[in-house]
Protein chains: 2
Amino acid sequence: MRPTTKDLAKAAGVSLATVDRVLNRRPGVRKETVEAVTAAIEEIGFERNISAANLARSRRYRFEFLLPTAGDQFLETLVSRIEEARAAFAAEHTEVGFRRILSDDPHQIAAHLARLGPEDTDGIAIMAPEAPQVRDATHRLFERGVKVVQFVAGQLGGPEVDFVGVDNNAAGATAGRLMGKFCGGRTGRILVIADTMNARDNVERRQGFDRILTADFPDLSALPSVETHGDPARTRRIVGNLFENFHDISGVYVLSSETRVALEAVAAATDLRQTQVIAHERTAFNVNKLRSGELDAVIAQNPGHLVRSAIRVLRARCDGREPIASQEEIRIEILIRENLGQAADRT
Amino acid sequence: MRPTTKDLAKAAGVSLATVDRVLNRRPGVRKETVEAVTAAIEEIGFERNISAANLARSRRYRFEFLLPTAGDQFLETLVSRIEEARAAFAAEHTEVGFRRILSDDPHQIAAHLARLGPEDTDGIAIMAPEAPQVRDATHRLFERGVKVVQFVAGQLGGPEVDFVGVDNNAAGATAGRLMGKFCGGRTGRILVIADTMNARDNVERRQGFDRILTADFPDLSALPSVETHGDPARTRRIVGNLFENFHDISGVYVLSSETRVALEAVAAATDLRQTQVIAHERTAFNVNKLRSGELDAVIAQNPGHLVRSAIRVLRARCDGREPIASQEEIRIEILIRENLGQAADRT
DNA sequence: TATTTTCTGAGGTACGTGCCTCAAATAGTT
DNA sequence: AACTATTTGAGGCACGTACCTCAGAAAATA
């Protein structure tokens with residue numbers, strides 16, 4: 001049997017009350033006594049039973065995810081991962097909820113944050129585009145005692161706000177190296193497409209991508225980013241023109257996680273299977289395109305990891321602990337047709 | 001507040017005892033009463049407090065990993081992940097240990113398994129090369145009531161033995177596609193090196209690799225596997241001869257996780273940076289070689305996931321639950337220089 | 001209706017820890 | 001030595017669930 005506080009008390013020659021005072025760093029214990037208990041802990045290999053402790057304390061953590069309303073398949077996947085996490089963390093005294101707010105109205109987001117306080121929630125994970133109002137509201141929220149993490153999309157916040165998500169510059173660099181190697185020393189141009197270049201993530205990915213191409217693949221040159229703004233007809237026109245003007249486009253890099261519009265425009269102009277195409281995120285659409293050979297690689301981040309990591313970081317902050325950086329680093333995954341796994345494709 | 005069994009009893013109009021009988025599937029409850037309770041669970045959103053349940057039951061799980069003594073860096077990483085898991089799972093009433101046994105003596109492994117029983121351990125995760133004795137001993141152990149998972153290396157066991165590890169055929173196929181794309185349509189030969197081809201994993205990887213090369217990259221042809229048997233001089237001689245005979249070797253695929261001997265032999269014969277080199281597992285050695293550009297890609301599986309997954313599967317089996325297949329599938333990771341992350345390189 | 005069988009309720013103890021109170025013992029000070 | 005301040009012990013209740021017993025109610029059978 002694993003030793004309990006009772007065993008510890010006996011081993012240290014003190015009472016349960018004193019053991020409790022030492023374990024929970026309560027005042028009123030002589031230094032020598034503390035040392036005696038600490039020694040006994042080592043000696044008998046005592047480890048606190050965390051679930052019993054949580055049970056006794058009946059402490060509850062309430063966390064909320066704040067997500068944009070409008071979104072692509074990736075966002076929907078995040079939502080369903082949050083639902084899963086809600087169930088999984090319920091057993092650990094942790095309530096997880098989420099709320100969706102119009103993302104193109106920073107004012108509304110800031111207003112919601114301003115209404116929140118420690119009485120509503122213990123921590124909040126925010127996924128929102130960059131905006132000064134949001135940044136300010138976030139800081140005030142933090143000062144009111146609510147823990148905050150920036151989720152997936154970075155706000156370039158101060159050091160007190162944790163970030164959970166991938167390093168987008170590295171993600172772009174990963175795409176860059178793959179593109180370079182896939183194009184195998186040939187000379188050519190690379191078409192880069194995004195929904196918008198107003199998003200920080202897309203800009204960072206583009207920078208990482210260009211960095212690698214410039215440094216290691218001088219025979220490839222990336223064209224200026226095409227912005228779709230979700231408009232299929234316009235995108236098709238622009239992309240069509242580019243393919244008419246440049247006959248040496250050997251690769252396409254889609255920066256944003258919504259790839260449908262971009263891919264359809266490219267497919268209308270050329271044969272996707274003859275072109276190296278790299279995109280982001282494991283969406284059902286992208287998985288299908290990988291299987292069919294129209295996509296060559298996908299750079300992804302694990303949505304379940306993102307959600308769980310955000311929750312763990314918030315809980316660590318609530319407990320006054322430092323999150324374990326190495327555990328919370330989100331990996332940049334590379335997917336090709338062969339390593340998709342059996343997993344049912346999640347919407 | 002979250003509803004408790006007491007609330008549930010009230011909502012269902014029954015007593016605590018009946019709620020308990022329903023929740024734990026004990027006999028002696030009328031069907032209609034069971035349905036009433038189930039309905040009430042839905043209605044008030046009751047979720048059992050697992051830690052309280054475990055506390056009350058004071059159930060403990062004892063699991064053991066059985067690993068080979070001789071091993072490479074990958075094995076050492078596994079061991080340190082087991083140590084980590086031991087600490088993490090201690091809070092969940094789960095004791096995790098490991099034992100190392102000479103892997104080239106199936107007899108010894110079988111003997112150890114024969115001595116084990118339900119009084120020693122609740123479950124065991126076995127990583128051992130294929131052998132009839134081991135397979136038989138495993139089955140007898142299972143029949144004695146000890147749960148068993150095949151860990152990392154498959155034993156081609158019956159359906160009652162779970163397997164935790166990657167699909168090595170798919171891992172080889174992943175390497176195959178990458179190699180094909182990295183070689184970019186050029187004609188050439190691929191050198192394949194393993195420590196031994198007597199291990200099932202290596203054979204499966206090779207099959208997957210060949211499958212993709214044959215199907216999608218007919219201009220590439222893979223040479224017969226070179227076996228190093230851990231002998232640097234011999235390997236260098238064989239590899240040197242191959243490079244002298246064939247001047248169109250454009251890629252090298254190292255099947256086994258110990259890559260040092262193979263890479264040194266190739267480096268002595270040609271410039272690694274001009275050759276596409278793919279290997280397996282995230283070892284410190286391989287990470288360094290990725291950084292230096294001598295390795296082009298690494299196919300990896302996450303050792304921490306492997307360990308935790310094995311423990312979760314064992315626990316599910318002990319509880320008579322079915323493991324969640326999608327959660328326990330180990331992903332085939334692709335690593336290149338850009339997505340290695342900040343993580344300190346683990347030995 | 002009488003008898004047996006099957007269900008159900010009431011109540012208890014236990015798990016390991018947190019957190020409280022009150023009295024007693026000890027240490028430190030004058 | 002007498003006093004105060006500090007430290008310690010003993011004990012109890014609580015958290016939410018498991019698991020046990022026993023009595024009594026309801027249903028099924030004779």
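Here is how names work: the chains are called A, B, and so on, in the same order as the sequence lines, proteins then strands, and each is numbered from 1. Worth saying up front: this structure is predicted, and the values here are computed from it rather than measured.
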From CG of B:D20 across to C1' of D:dT17 the rounded distance in Å is 8 Å

So, B:E32 and B:R30, do they make that salt bridge, N to O below 4.0 Å?
yes

With a non-hydrogen cut-off below 4.0 angstrom, is A:A17 in contact with a base, only sugar-phosphate, or nothing?
-> base

Picking from D:dA10, D:dT17, C:dG18, the nucleotide nearest the side-chain atoms of A:A56 would be C:dG18

Rounded to whole Å, the CZ-P distance (B:F46 to D:dG16) equals 11 Å

Rounded to whole Å, the CZ-C1' distance (B:R30 to D:dA28) equals 12 Å

Rounded to whole Å, CD of B:E32 lies from C1' of D:dA27 at a distance of 11 Å

Whole-Å distance, B:L16 CG to D:dG16 P, equals 12 Å

(Q) Whether A:T5 contacts C:dG16 is assessed here as follows: a side-chain N or O lying under 4.0 Å from the phosphate OP1 or OP2. Is that the case? (A) no

Quick one: do the B:E328 and B:S309 side chains pair a donor with an acceptor below 3.5 Å?
yes

Rounded to whole Å, the CZ-C1' distance (B:R57 to C:dC15) equals 12 Å

C:dG9, OP1 or OP2 - any side-chain N/O from B:S15 closer than 4.0 Å? yes

Per nearest nucleotide of DNA chain C, the residue lying toward the 5' end, B:V29 or B:L55, is B:V29

Margin query: Does A:R26 contact C:dG18 through a side-chain donor or acceptor facing the base, at a distance under 3.5 Å?
Written below: no

- Item | Salt bridge A:R317-A:D162, side-chain N to carboxylate O under 4.0 Å | yes

If only side-chain N and O atoms of B:N24 are considered, is one of them under 4.0 Å from the OP1 or OP2 phosphate oxygen of D:dA18?
-> yes

Can a side chain N or O of A:T18 be found less than 4.0 Å away from OP1 or OP2 on D:dG9? yes

Rounded to whole Å, CG of B:N49 lies from P of C:dG16 at a distance of 16 Å

- Item | Heavy-atom donor-acceptor pair, B:R21 side-chain to C:dG9 base, under 3.5 Å | yes

Taking every heavy atom of B:F46 against every heavy atom of B:P3, the minimum-distance pair comes out as CD1-O, 3.5 Å

Checklist line | B:E83 bridged to B:R86 by N-O distance under 4.0 Å | finding: yes

Which of C:dT17, D:dG9, D:dT17 is nearest the side chain of A:A52? It is C:dT17

To the nearest angstrom, the CZ-P distance between A:R48 and D:dC15 comes to 20 Å

